[in-house]
2 protein chains.
Amino acid sequence: MEAPQANIPSRLDRIETPTSNQGVGERQRERILRAATLVFSRKGYDGARVEAIAQKAGIPKGNVLYYFKSKKALYRIVIKQVLSLWLEALGNVSEEGNPEEAIRQYVNRKLALSRNHPEASRLFAMEVISGAPIISDHLSGELRRWVEEKGRIFKKWQEAGLMAKIDPAHAFFMIWAVTQTYADFEAQIQAVTGVTNYDQEIYSDASGEVVDALVRALGLKRDQRCSVQSA
Amino acid sequence: MEAPQANIPSRLDRIETPTSNQGVGERQRERILRAATLVFSRKGYDGARVEAIAQKAGIPKGNVLYYFKSKKALYRIVIKQVLSLWLEALGNVSEEGNPEEAIRQYVNRKLALSRNHPEASRLFAMEVISGAPIISDHLSGELRRWVEEKGRIFKKWQEAGLMAKIDPAHAFFMIWAVTQTYADFEAQIQAVTGVTNYDQEIYSDASGEVVDALVRALGLKRDQRCSVQSA
DNA sequence: ATCAAAGTTGACCATTCGGTCAATTCAGGT
DNA sequence: ACCTGAATTGACCGAATGGTCAACTTTGAT
(Lines give C-alpha, C1' and ligand atoms only; values in the text may rest on other atoms or scores of the structure.)
Protein backbone atom coordinates (compact mmCIF):
# COMPACT_ATOMS: atom_id res chain seq x y z
CA MET A 1 0.00 0.00 0.00
CA GLU A 2 1.76 3.11 -1.18
CA ALA A 3 0.68 6.64 -0.73
CA PRO A 4 0.30 8.14 -4.20
CA GLN A 5 3.40 10.01 -5.13
CA ALA A 6 2.66 13.62 -4.35
CA ASN A 7 3.27 15.03 -7.76
CA ILE A 8 1.63 18.03 -9.35
CA PRO A 9 -1.91 17.02 -10.18
CA SER A 10 -1.52 15.82 -13.72
CA ARG A 11 -4.44 16.95 -15.78
CA LEU A 12 -3.96 13.84 -17.87
CA ASP A 13 -4.93 10.83 -15.84
CA ARG A 14 -7.85 12.58 -14.26
CA ILE A 15 -10.30 10.96 -16.61
CA GLU A 16 -8.84 7.76 -17.92
CA THR A 17 -8.00 5.96 -14.68
CA PRO A 18 -10.71 3.36 -15.02
CA THR A 19 -11.05 1.90 -11.56
CA SER A 20 -11.07 4.48 -8.77
CA ASN A 21 -13.28 7.02 -7.18
CA GLN A 22 -11.61 9.65 -9.20
CA GLY A 23 -11.94 13.31 -8.43
CA VAL A 24 -12.11 12.81 -4.70
CA GLY A 25 -8.38 12.71 -4.41
CA GLU A 26 -7.88 15.77 -6.54
CA ARG A 27 -10.29 17.82 -4.53
CA GLN A 28 -8.65 16.80 -1.26
CA ARG A 29 -5.23 17.57 -2.62
CA GLU A 30 -6.24 21.07 -3.53
CA ARG A 31 -7.93 21.53 -0.19
CA ILE A 32 -4.72 20.56 1.53
CA LEU A 33 -2.59 22.76 -0.69
CA ARG A 34 -4.75 25.78 0.05
CA ALA A 35 -4.59 25.13 3.77
CA ALA A 36 -0.87 24.50 3.63
CA THR A 37 -0.19 27.73 1.75
CA LEU A 38 -2.05 29.65 4.40
CA VAL A 39 -0.34 28.04 7.35
CA PHE A 40 3.14 28.07 5.85
CA SER A 41 2.77 31.73 4.87
CA ARG A 42 2.11 32.74 8.45
CA LYS A 43 4.38 30.41 10.37
CA GLY A 44 7.15 29.56 7.99
CA TYR A 45 8.22 26.01 7.33
CA ASP A 46 9.28 25.07 10.83
CA GLY A 47 6.53 26.95 12.56
CA ALA A 48 3.84 25.24 10.53
CA ARG A 49 2.40 22.10 12.12
CA VAL A 50 1.05 19.33 9.98
CA GLU A 51 -1.75 19.07 12.49
CA ALA A 52 -2.60 22.74 11.91
CA ILE A 53 -2.72 22.25 8.16
CA ALA A 54 -4.92 19.22 8.59
CA GLN A 55 -7.25 21.09 10.89
CA LYS A 56 -7.54 24.01 8.49
CA ALA A 57 -8.34 21.53 5.74
CA GLY A 58 -10.89 19.85 7.96
CA ILE A 59 -9.32 16.39 7.90
CA PRO A 60 -7.21 14.35 10.29
CA LYS A 61 -3.45 14.63 10.18
CA GLY A 62 -2.95 11.12 8.90
CA ASN A 63 -4.88 12.00 5.81
CA VAL A 64 -2.60 14.85 4.94
CA LEU A 65 0.38 12.51 5.04
CA TYR A 66 -1.54 10.11 2.87
CA TYR A 67 -1.67 12.63 0.04
CA PHE A 68 1.76 14.12 0.56
CA LYS A 69 4.46 11.80 1.65
CA SER A 70 6.07 14.28 4.03
CA LYS A 71 5.81 17.80 5.34
CA LYS A 72 8.84 18.78 3.33
CA ALA A 73 7.39 17.36 0.14
CA LEU A 74 4.20 19.29 0.75
CA TYR A 75 6.18 22.46 1.33
CA ARG A 76 8.16 21.99 -1.85
CA ILE A 77 5.01 21.68 -3.87
CA VAL A 78 3.38 24.66 -2.24
CA ILE A 79 6.39 26.88 -2.72
CA LYS A 80 6.82 25.90 -6.34
CA GLN A 81 3.17 26.61 -6.95
CA VAL A 82 3.64 30.01 -5.40
CA LEU A 83 6.76 30.62 -7.42
CA SER A 84 5.05 29.85 -10.68
CA LEU A 85 2.25 32.20 -9.74
CA TRP A 86 4.83 34.86 -9.09
CA LEU A 87 6.73 34.25 -12.31
CA GLU A 88 3.51 34.15 -14.26
CA ALA A 89 2.57 37.57 -12.96
CA LEU A 90 5.75 38.94 -14.45
CA GLY A 91 3.86 38.61 -17.67
CA ASN A 92 4.95 40.64 -20.57
CA VAL A 93 6.19 44.15 -20.38
CA SER A 94 5.28 44.92 -23.91
CA GLU A 95 8.07 46.56 -25.84
CA GLU A 96 5.89 48.32 -28.30
CA GLY A 97 3.59 51.11 -27.38
CA ASN A 98 3.81 53.73 -24.72
CA PRO A 99 6.33 52.92 -21.96
CA GLU A 100 4.26 54.61 -19.33
CA GLU A 101 1.23 52.55 -20.24
CA ALA A 102 3.28 49.36 -20.19
CA ILE A 103 4.60 50.02 -16.71
CA ARG A 104 1.25 51.15 -15.40
CA GLN A 105 -0.20 47.91 -16.56
CA TYR A 106 2.60 45.87 -15.06
CA VAL A 107 2.43 47.59 -11.70
CA ASN A 108 -1.30 47.18 -11.60
CA ARG A 109 -0.93 43.49 -12.31
CA LYS A 110 1.56 43.08 -9.49
CA LEU A 111 -0.67 45.01 -7.13
CA ALA A 112 -3.58 42.78 -8.05
CA LEU A 113 -1.46 39.76 -7.28
CA SER A 114 -0.63 41.12 -3.85
CA ARG A 115 -4.26 41.81 -3.23
CA ASN A 116 -5.62 38.52 -4.44
CA HIS A 117 -2.90 36.23 -3.15
CA PRO A 118 -1.36 37.82 -0.11
CA GLU A 119 -0.47 34.46 1.41
CA ALA A 120 1.45 33.52 -1.70
CA SER A 121 3.34 36.77 -1.56
CA ARG A 122 4.18 36.31 2.10
CA LEU A 123 5.34 32.77 1.61
CA PHE A 124 7.54 33.80 -1.26
CA ALA A 125 8.98 36.56 0.88
CA MET A 126 9.74 34.20 3.71
CA GLU A 127 11.54 31.85 1.39
CA VAL A 128 13.72 34.62 0.05
CA ILE A 129 14.42 36.09 3.47
CA SER A 130 15.54 32.66 4.60
CA GLY A 131 18.03 32.63 1.76
CA ALA A 132 15.77 30.99 -0.84
CA PRO A 133 17.06 27.49 -0.07
CA ILE A 134 14.54 25.86 -2.36
CA ILE A 135 13.94 28.33 -5.16
CA SER A 136 17.36 29.86 -5.61
CA ASP A 137 17.88 27.88 -8.79
CA HIS A 138 14.78 29.36 -10.30
CA LEU A 139 15.78 32.85 -9.25
CA SER A 140 19.21 32.65 -10.81
CA GLY A 141 17.76 30.86 -13.82
CA GLU A 142 14.34 31.82 -15.11
CA LEU A 143 14.00 35.05 -13.20
CA ARG A 144 17.46 36.25 -14.08
CA ARG A 145 16.90 35.63 -17.76
CA TRP A 146 13.54 37.37 -17.61
CA VAL A 147 15.11 40.43 -16.04
CA GLU A 148 17.88 40.47 -18.64
CA GLU A 149 15.39 40.24 -21.45
CA LYS A 150 13.07 42.92 -20.16
CA GLY A 151 16.05 44.98 -19.17
CA ARG A 152 16.92 45.35 -22.83
CA ILE A 153 13.57 46.97 -23.42
CA PHE A 154 14.24 49.42 -20.62
CA LYS A 155 17.60 50.24 -22.13
CA LYS A 156 15.95 51.10 -25.41
CA TRP A 157 13.48 53.36 -23.68
CA GLN A 158 16.29 55.01 -21.83
CA GLU A 159 18.25 55.62 -24.98
CA ALA A 160 15.16 57.14 -26.53
CA GLY A 161 14.93 59.47 -23.54
CA LEU A 162 11.63 58.01 -22.44
CA MET A 163 12.83 56.64 -19.13
CA ALA A 164 15.22 57.68 -16.40
CA LYS A 165 18.64 56.05 -16.54
CA ILE A 166 18.30 53.43 -13.86
CA ASP A 167 19.83 50.02 -13.93
CA PRO A 168 16.84 48.02 -15.20
CA ALA A 169 17.30 45.35 -12.59
CA HIS A 170 17.03 47.90 -9.84
CA ALA A 171 13.96 49.33 -11.46
CA PHE A 172 12.34 45.94 -11.09
CA PHE A 173 13.54 45.52 -7.53
CA MET A 174 11.85 48.79 -6.76
CA ILE A 175 8.58 47.85 -8.39
CA TRP A 176 8.51 44.48 -6.69
CA ALA A 177 9.39 45.94 -3.34
CA VAL A 178 6.64 48.50 -3.43
CA THR A 179 3.90 46.28 -4.76
CA GLN A 180 4.68 43.38 -2.45
CA THR A 181 4.89 45.53 0.62
CA TYR A 182 1.12 45.80 0.61
CA ALA A 183 0.83 42.05 1.05
CA ASP A 184 3.91 41.23 3.08
CA PHE A 185 3.75 44.13 5.51
CA GLU A 186 0.02 44.16 5.86
CA ALA A 187 0.33 43.97 9.64
CA GLN A 188 2.47 47.08 9.73
CA ILE A 189 0.38 49.06 7.29
CA GLN A 190 -2.75 48.03 9.10
CA ALA A 191 -1.27 49.13 12.41
CA VAL A 192 -0.09 52.47 11.11
CA THR A 193 -3.18 53.40 9.14
CA GLY A 194 -5.65 51.83 11.53
CA VAL A 195 -7.95 50.76 8.72
CA THR A 196 -10.48 48.11 9.63
CA ASN A 197 -11.07 46.69 6.21
CA TYR A 198 -7.58 46.31 4.83
CA ASP A 199 -8.27 44.77 1.48
CA GLN A 200 -10.73 47.39 0.34
CA GLU A 201 -9.57 50.56 2.01
CA ILE A 202 -5.87 50.17 1.40
CA TYR A 203 -5.82 49.02 -2.17
CA SER A 204 -8.33 51.56 -3.40
CA ASP A 205 -6.21 54.30 -1.82
CA ALA A 206 -2.87 52.89 -2.76
CA SER A 207 -3.24 51.65 -6.27
CA GLY A 208 -3.61 55.05 -7.89
CA GLU A 209 -0.94 56.78 -5.88
CA VAL A 210 1.50 53.92 -6.04
CA VAL A 211 1.26 53.56 -9.78
CA ASP A 212 1.72 57.27 -10.28
CA ALA A 213 4.65 57.39 -7.92
CA LEU A 214 6.42 54.51 -9.62
CA VAL A 215 5.86 56.06 -13.02
CA ARG A 216 7.48 59.20 -11.69
CA ALA A 217 10.28 57.24 -10.06
CA LEU A 218 11.17 55.65 -13.36
CA GLY A 219 10.97 58.98 -15.10
CA LEU A 220 8.28 57.86 -17.47
CA LYS A 221 6.06 60.54 -18.81
CA ARG A 222 3.69 60.58 -21.67
CA ASP A 223 4.27 64.26 -22.27
CA GLN A 224 7.90 65.16 -22.62
CA ARG A 225 7.97 68.14 -20.29
CA CYS A 226 9.59 66.32 -17.43
CA SER A 227 11.17 63.30 -19.01
CA VAL A 228 14.77 62.84 -18.02
CA GLN A 229 16.72 63.59 -21.10
CA SER A 230 20.24 63.67 -19.78
CA ALA A 231 22.06 62.30 -22.80
CA MET B 1 19.41 29.34 42.45
CA GLU B 2 17.84 31.61 39.89
CA ALA B 3 19.08 32.44 36.47
CA PRO B 4 19.60 36.19 36.32
CA GLN B 5 16.53 37.84 34.89
CA ALA B 6 17.24 38.34 31.24
CA ASN B 7 16.77 42.05 31.01
CA ILE B 8 18.38 44.47 28.63
CA PRO B 9 22.02 44.86 29.65
CA SER B 10 21.78 47.82 31.95
CA ARG B 11 24.71 50.13 31.40
CA LEU B 12 24.44 51.12 35.03
CA ASP B 13 25.56 48.21 37.16
CA ARG B 14 28.39 47.32 34.88
CA ILE B 15 30.97 48.98 37.07
CA GLU B 16 29.73 49.27 40.59
CA THR B 17 28.80 45.64 41.36
CA PRO B 18 31.60 45.02 43.80
CA THR B 19 31.65 41.27 44.24
CA SER B 20 31.54 39.37 40.99
CA ASN B 21 33.66 38.73 37.99
CA GLN B 22 31.92 41.66 36.45
CA GLY B 23 31.92 42.23 32.76
CA VAL B 24 32.05 38.57 31.92
CA GLY B 25 28.29 38.20 32.04
CA GLU B 26 27.67 41.29 29.98
CA ARG B 27 30.04 40.18 27.31
CA GLN B 28 28.46 36.77 27.11
CA ARG B 29 24.99 38.24 26.97
CA GLU B 30 25.92 40.39 24.02
CA ARG B 31 27.60 37.44 22.34
CA ILE B 32 24.43 35.46 22.67
CA LEU B 33 22.23 38.30 21.48
CA ARG B 34 24.32 38.71 18.35
CA ALA B 35 24.20 35.02 17.62
CA ALA B 36 20.49 34.86 18.31
CA THR B 37 19.74 37.77 16.00
CA LEU B 38 21.58 36.02 13.23
CA VAL B 39 19.92 32.66 13.69
CA PHE B 40 16.42 34.02 14.26
CA SER B 41 16.71 36.23 11.21
CA ARG B 42 17.40 33.29 8.96
CA LYS B 43 15.21 30.62 10.46
CA GLY B 44 12.42 32.50 12.15
CA TYR B 45 11.41 31.84 15.71
CA ASP B 46 10.39 28.20 15.34
CA GLY B 47 13.11 27.32 12.93
CA ALA B 48 15.81 28.62 15.21
CA ARG B 49 17.31 26.05 17.57
CA VAL B 50 18.73 27.06 20.90
CA GLU B 51 21.52 24.66 20.18
CA ALA B 52 22.31 26.53 16.97
CA ILE B 53 22.42 29.85 18.75
CA ALA B 54 24.69 28.39 21.38
CA GLN B 55 26.99 26.95 18.76
CA LYS B 56 27.20 30.24 16.90
CA ALA B 57 28.04 31.93 20.18
CA GLY B 58 30.63 29.28 20.90
CA ILE B 59 29.16 28.09 24.17
CA PRO B 60 27.11 25.09 25.27
CA LYS B 61 23.34 25.24 25.12
CA GLY B 62 22.93 25.16 28.87
CA ASN B 63 24.84 28.38 29.13
CA VAL B 64 22.45 30.20 26.82
CA LEU B 65 19.53 29.22 29.02
CA TYR B 66 21.53 30.40 32.00
CA TYR B 67 21.58 33.93 30.67
CA PHE B 68 18.11 33.97 29.17
CA LYS B 69 15.44 32.10 30.97
CA SER B 70 13.79 30.75 27.84
CA LYS B 71 13.98 30.77 24.08
CA LYS B 72 10.90 32.95 23.93
CA ALA B 73 12.37 35.45 26.38
CA LEU B 74 15.50 35.61 24.29
CA TYR B 75 13.48 36.17 21.15
CA ARG B 76 11.47 38.95 22.78
CA ILE B 77 14.62 40.76 23.76
CA VAL B 78 16.20 40.32 20.36
CA ILE B 79 13.15 41.54 18.52
CA LYS B 80 12.70 44.55 20.75
CA GLN B 81 16.33 45.43 20.27
CA VAL B 82 15.81 45.19 16.53
CA LEU B 83 12.65 47.24 16.74
CA SER B 84 14.33 50.04 18.62
CA LEU B 85 17.09 50.04 16.05
CA TRP B 86 14.47 50.37 13.38
CA LEU B 87 12.56 53.12 15.14
CA GLU B 88 15.76 54.94 15.91
CA ALA B 89 16.65 54.99 12.25
CA LEU B 90 13.44 56.81 11.58
CA GLY B 91 15.29 59.71 13.02
CA ASN B 92 14.10 63.15 12.24
CA VAL B 93 12.79 64.21 8.92
CA SER B 94 13.64 67.81 9.50
CA GLU B 95 10.78 70.14 8.73
CA GLU B 96 12.92 73.11 7.99
CA GLY B 97 15.17 73.32 5.04
CA ASN B 98 14.95 71.80 1.61
CA PRO B 99 12.47 68.91 1.37
CA GLU B 100 14.54 67.11 -1.19
CA GLU B 101 17.60 67.24 1.02
CA ALA B 102 15.60 66.01 4.00
CA ILE B 103 14.32 63.00 2.12
CA ARG B 104 17.65 62.21 0.54
CA GLN B 105 19.14 62.15 3.96
CA TYR B 106 16.40 59.96 5.33
CA VAL B 107 16.59 57.45 2.50
CA ASN B 108 20.33 57.29 2.80
CA ARG B 109 20.03 56.58 6.48
CA LYS B 110 17.57 53.78 5.87
CA LEU B 111 19.81 52.32 3.19
CA ALA B 112 22.73 52.41 5.56
CA LEU B 113 20.68 50.55 8.12
CA SER B 114 19.87 47.85 5.58
CA ARG B 115 23.48 47.59 4.69
CA ASN B 116 24.92 47.52 8.19
CA HIS B 117 22.23 45.46 9.87
CA PRO B 118 20.69 43.17 7.29
CA GLU B 119 19.88 40.52 9.89
CA ALA B 120 17.95 43.05 11.91
CA SER B 121 16.00 44.05 8.86
CA ARG B 122 15.20 40.46 7.97
CA LEU B 123 14.11 39.62 11.47
CA PHE B 124 11.85 42.63 11.56
CA ALA B 125 10.39 41.62 8.24
CA MET B 126 9.71 38.08 9.42
CA GLU B 127 7.93 39.37 12.48
CA VAL B 128 5.69 41.58 10.42
CA ILE B 129 5.00 38.92 7.82
CA SER B 130 3.95 36.59 10.60
CA GLY B 131 1.42 39.17 11.71
CA ALA B 132 3.67 41.05 14.12
CA PRO B 133 2.48 39.03 17.13
CA ILE B 134 4.99 40.62 19.45
CA ILE B 135 5.52 44.14 18.17
CA SER B 136 2.05 45.05 16.94
CA ASP B 137 1.55 47.29 19.95
CA HIS B 138 4.60 49.29 19.09
CA LEU B 139 3.53 49.56 15.48
CA SER B 140 0.09 50.88 16.27
CA GLY B 141 1.54 53.08 19.02
CA GLU B 142 4.92 54.66 18.55
CA LEU B 143 5.23 54.07 14.84
CA ARG B 144 1.74 55.26 14.08
CA ARG B 145 2.26 58.48 16.00
CA TRP B 146 5.59 59.03 14.30
CA VAL B 147 3.97 58.67 10.90
CA GLU B 148 1.18 61.04 11.85
CA GLU B 149 3.64 63.60 13.06
CA LYS B 150 5.93 63.42 10.08
CA GLY B 151 2.92 63.22 7.83
CA ARG B 152 1.99 66.74 8.82
CA ILE B 153 5.31 67.94 7.51
CA PHE B 154 4.64 66.23 4.22
CA LYS B 155 1.24 67.89 4.06
CA LYS B 156 2.83 71.27 4.42
CA TRP B 157 5.29 70.53 1.66
CA GLN B 158 2.46 69.36 -0.51
CA GLU B 159 0.45 72.50 0.10
CA ALA B 160 3.49 74.54 -0.78
CA GLY B 161 3.73 72.63 -4.03
CA LEU B 162 7.06 71.11 -3.12
CA MET B 163 5.91 67.50 -3.05
CA ALA B 164 3.56 65.31 -5.01
CA LYS B 165 0.19 64.78 -3.39
CA ILE B 166 0.59 61.36 -1.95
CA ASP B 167 -0.89 60.12 1.28
CA PRO B 168 2.13 60.63 3.55
CA ALA B 169 1.74 57.19 5.11
CA HIS B 170 2.00 55.58 1.71
CA ALA B 171 5.03 57.68 0.93
CA PHE B 172 6.71 56.12 3.92
CA PHE B 173 5.56 52.63 3.03
CA MET B 174 7.20 53.12 -0.32
CA ILE B 175 10.47 54.37 1.12
CA TRP B 176 10.62 51.56 3.64
CA ALA B 177 9.75 48.95 1.07
CA VAL B 178 12.46 50.02 -1.33
CA THR B 179 15.21 50.49 1.20
CA GLN B 180 14.52 47.28 3.05
CA THR B 181 14.28 45.19 -0.06
CA TYR B 182 18.07 45.37 -0.35
CA ALA B 183 18.44 43.60 2.97
CA ASP B 184 15.39 41.36 3.03
CA PHE B 185 15.53 40.15 -0.56
CA GLU B 186 19.26 39.91 -0.77
CA ALA B 187 19.01 36.31 -1.95
CA GLN B 188 16.81 37.31 -4.87
CA ILE B 189 18.83 40.35 -5.85
CA GLN B 190 22.00 38.35 -5.58
CA ALA B 191 20.55 35.64 -7.79
CA VAL B 192 19.29 38.06 -10.43
CA THR B 193 22.34 40.27 -10.61
CA GLY B 194 24.86 37.53 -10.05
CA VAL B 195 27.14 39.78 -8.05
CA THR B 196 29.72 38.01 -5.97
CA ASN B 197 30.31 40.69 -3.37
CA TYR B 198 26.80 41.78 -2.49
CA ASP B 199 27.51 44.35 0.15
CA GLN B 200 29.89 46.42 -1.89
CA GLU B 201 28.68 45.98 -5.43
CA ILE B 202 24.99 46.36 -4.81
CA TYR B 203 24.92 49.26 -2.43
CA SER B 204 27.35 51.36 -4.38
CA ASP B 205 25.22 50.86 -7.47
CA ALA B 206 21.90 51.16 -5.78
CA SER B 207 22.25 53.99 -3.34
CA GLY B 208 22.52 56.74 -5.88
CA GLU B 209 19.86 55.46 -8.22
CA VAL B 210 17.46 54.53 -5.47
CA VAL B 211 17.66 57.88 -3.76
CA ASP B 212 17.14 59.70 -7.04
CA ALA B 213 14.23 57.48 -7.96
CA LEU B 214 12.51 57.99 -4.65
CA VAL B 215 12.99 61.71 -4.85
CA ARG B 216 11.35 61.61 -8.24
CA ALA B 217 8.59 59.33 -6.97
CA LEU B 218 7.69 61.80 -4.27
CA GLY B 219 7.80 64.65 -6.73
CA LEU B 220 10.52 66.48 -4.86
CA LYS B 221 12.71 68.74 -6.88
CA ARG B 222 15.06 71.46 -5.85
CA ASP B 223 14.61 73.33 -9.09
CA GLN B 224 10.98 73.91 -9.94
CA ARG B 225 11.05 72.74 -13.53
CA CYS B 226 9.49 69.41 -12.84
CA SER B 227 7.91 69.82 -9.44
CA VAL B 228 4.31 68.72 -9.33
CA GLN B 229 2.40 71.90 -8.92
CA SER B 230 -1.14 70.67 -9.41
CA ALA B 231 -2.88 73.10 -7.07
C1' DA C 1 -23.73 -8.99 -4.17
C1' DT C 2 -18.89 -9.05 -4.52
C1' DC C 3 -14.40 -7.40 -5.12
C1' DA C 4 -10.43 -4.35 -5.29
C1' DA C 5 -8.50 -0.15 -5.04
C1' DA C 6 -8.71 4.34 -2.94
C1' DG C 7 -9.47 6.88 0.91
C1' DT C 8 -10.06 7.67 6.04
C1' DT C 9 -8.92 7.42 10.75
C1' DG C 10 -6.87 7.32 15.34
C1' DA C 11 -3.47 4.96 17.88
C1' DC C 12 1.25 4.54 18.18
C1' DC C 13 6.49 5.18 17.67
C1' DA C 14 10.94 7.54 17.41
C1' DT C 15 13.11 11.64 17.48
C1' DT C 16 14.01 16.16 18.47
C1' DC C 17 14.17 20.02 21.25
C1' DG C 18 13.42 23.29 25.05
C1' DG C 19 14.39 23.44 29.55
C1' DT C 20 16.24 21.66 34.32
C1' DC C 21 19.79 20.37 37.39
C1' DA C 22 23.61 18.85 40.01
C1' DA C 23 28.38 18.86 39.76
C1' DT C 24 32.33 21.53 38.82
C1' DT C 25 35.29 25.44 37.81
C1' DC C 26 36.49 30.22 38.13
C1' DA C 27 37.44 34.81 40.13
C1' DG C 28 37.83 38.07 43.56
C1' DG C 29 37.68 39.50 48.49
C1' DT C 30 39.38 38.60 53.03
C1' DA D 1 44.60 29.56 51.94
C1' DC D 2 39.79 29.86 52.05
C1' DC D 3 35.21 31.30 51.14
C1' DT D 4 31.37 32.83 48.25
C1' DG D 5 28.78 33.74 44.46
C1' DA D 6 28.93 33.70 39.49
C1' DA D 7 29.65 31.03 35.50
C1' DT D 8 30.16 26.67 32.93
C1' DT D 9 29.01 22.21 31.45
C1' DG D 10 26.97 17.88 30.07
C1' DA D 11 23.63 14.60 31.39
C1' DC D 12 18.96 14.11 31.65
C1' DC D 13 13.62 14.71 31.24
C1' DG D 14 9.10 15.53 29.42
C1' DA D 15 6.41 17.37 25.78
C1' DA D 16 5.58 17.95 21.16
C1' DT D 17 5.68 16.61 16.56
C1' DG D 18 6.59 14.25 12.06
C1' DG D 19 5.67 10.10 10.31
C1' DT D 20 3.91 4.98 10.23
C1' DC D 21 0.51 1.54 10.41
C1' DA D 22 -3.24 -1.50 10.58
C1' DA D 23 -8.04 -1.52 10.82
C1' DC D 24 -11.91 0.22 8.64
C1' DT D 25 -15.06 2.61 5.22
C1' DT D 26 -16.30 4.19 0.75
C1' DT D 27 -16.76 3.90 -4.17
C1' DG D 28 -17.34 2.18 -8.56
C1' DA D 29 -16.87 -1.77 -11.79
C1' DT D 30 -18.44 -6.32 -12.93
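We name chains A, B, ... by the order of the sequence lines, and we start the count at 1 in each one. Keep in mind that the numbers below use all heavy atoms, side chains included, and drop hydrogens, waters and symmetry copies.
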message: Which nucleotide wins on minimum distance to the side chain of A:I59, given the candidates C:dT9, D:dT9, D:dT8?
response: C:dT9

statement: A:R27 CZ to D:dT26 P, in whole Å, measures 16 Å

task: Taking the side chain as every heavy atom from C-beta outward, state whether B:L218 and B:I175 have any pair of such atoms under 4.5 Å apart.
output: yes

message: Taking any heavy-atom pair under 4.0 Å as a contact, classify B:A48: base, sugar-phosphate, or nothing.
response: sugar-phosphate

message: Rounding to an integer number of Å, can you tell me how far A:L74 CG sits from D:dT17 P?
response: 17 Å

task: Compute the centroid of each ring, for A:Y75 and then for A:F40, and state whether the two points are separated by less than 6.0 Å.
output: yes

- prompt: In whole angstrom, what separates A:E26's CD from C:dG7's P?
  reply: 9 Å

query: If every non-hydrogen atom of B:R104 is compared with every non-hydrogen atom of B:V211, which pair is closest and at what distance?
result: NH1-CG1, 3.4 Å

Which nucleotide in C:dG19, C:dG18, D:dA7 has an atom nearest any side-chain atom of B:Y67: D:dA7

message: The side chain of B:Q28 is closest to which nucleotide in this list: C:dT8, D:dG18, D:dT8?
response: D:dT8

query: Is there a donor-acceptor pair under 3.5 Å between the side chain of A:K61 and the backbone N or O of A:R49?
result: no

message: Measuring from the side chain of B:N63 (C-beta onward, heavy atoms only), which nucleotide among D:dT8, C:dG7, C:dG18 has the closest atom?
response: D:dT8

- request: Quickly work out the B:K69 NZ to C:dC21 C1' distance and round it to whole Å.
  value: 18 Å

- prompt: Are OP1 or OP2 of C:dG18 and a side-chain N or O of B:R49 less than 4.0 angstrom apart?
  reply: yes

message: In this structure, how many angstroms lie between the P atom of D:dT9 and the CD atom of B:E51, rounded?
response: 12 Å

query: Roughly how many Å is it from NZ in B:K72 to P in D:dA15, rounded to a whole number?
result: 17 Å

- prompt: Can you check the A:K71 NZ to D:dA16 C1' distance for me, whole Å?
  reply: 12 Å

task: Would you mind reading off the distance between A:I32 atom CD1 and C:dT8 atom C1', rounded to a whole angstrom?
output: 11 Å

message: Would you call the rings of A:F185 and B:F124 parallel, tilted or perpendicular, taking 30° and 60° as the class edges?
response: tilted

task: Between C:dG19, D:dG18, D:dA7, spot the one nearest the side chain of B:L65, thanks.
output: C:dG19

- request: Measure from the side chain of A:V50, starting at C-beta and using heavy atoms only, and say which of D:dG18, C:dG7, C:dG18 lies closest.
  value: D:dG18

- prompt: So, does the side chain of B:K61 form a donor-acceptor pair with the base of D:dG10 at under 3.5 Å?
  reply: no

message: Looking only at the side chain of B:Y66 (C-beta and beyond, no hydrogens), which of the listed nucleotides D:dA7, C:dG18, C:dG7 gets closest?
response: D:dA7

message: Measuring from the side chain of B:P60 (C-beta onward, heavy atoms only), which nucleotide among C:dG7, D:dG10, C:dG19 has the closest atom?
response: D:dG10

